[in-house]
Amino acid sequence: MREPPKIINYIEIDGEQVLFDSLPEERRKEISQKLLDNFMGAVGFKRKTA
């Protein structure tokens, strides 16, 4: 049986390609949140703050 493909995510930070998994957990969460806000904003949603 075939092995499933591996997905390796890189992100560009200050013009440099960085392996996403090499970033600290807090930084990954921060970047993920910003990406989610951008994706959701493109379809008209906005984050509510508590």
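Not measured: the values here are computed from a predicted model.
Using a 4.5 Å heavy-atom cutoff, the side chains of Ile13 and Arg27 are in contact. For the pair Ile11 and Leu19, the minimum side-chain heavy-atom distance is 4.5 Å or more.
Pairs of residues two or more places apart, or lying in two chains, that qualify as side-chain hydrogen bond (donor to acceptor under 3.5 Å, both in side chains) and include a residue from residues 34-43 are Asp37-Arg47. Sequence neighbours left out, the pairs with a member in residues 8-26 that pass side-chain hydrogen bond (donor to acceptor under 3.5 Å, both in side chains) are Glu25-Arg28.
Residue Val18 is grouped with residue Leu35 when hydrophobic side chains (ILVMFWY) are merged at heavy-atom distances under 4.5 angstrom, including chains of intermediate members.
For Phe20, the CZ atom is densely surrounded, since the number of other residues' heavy atoms within 6.0 Å is greater than 12.
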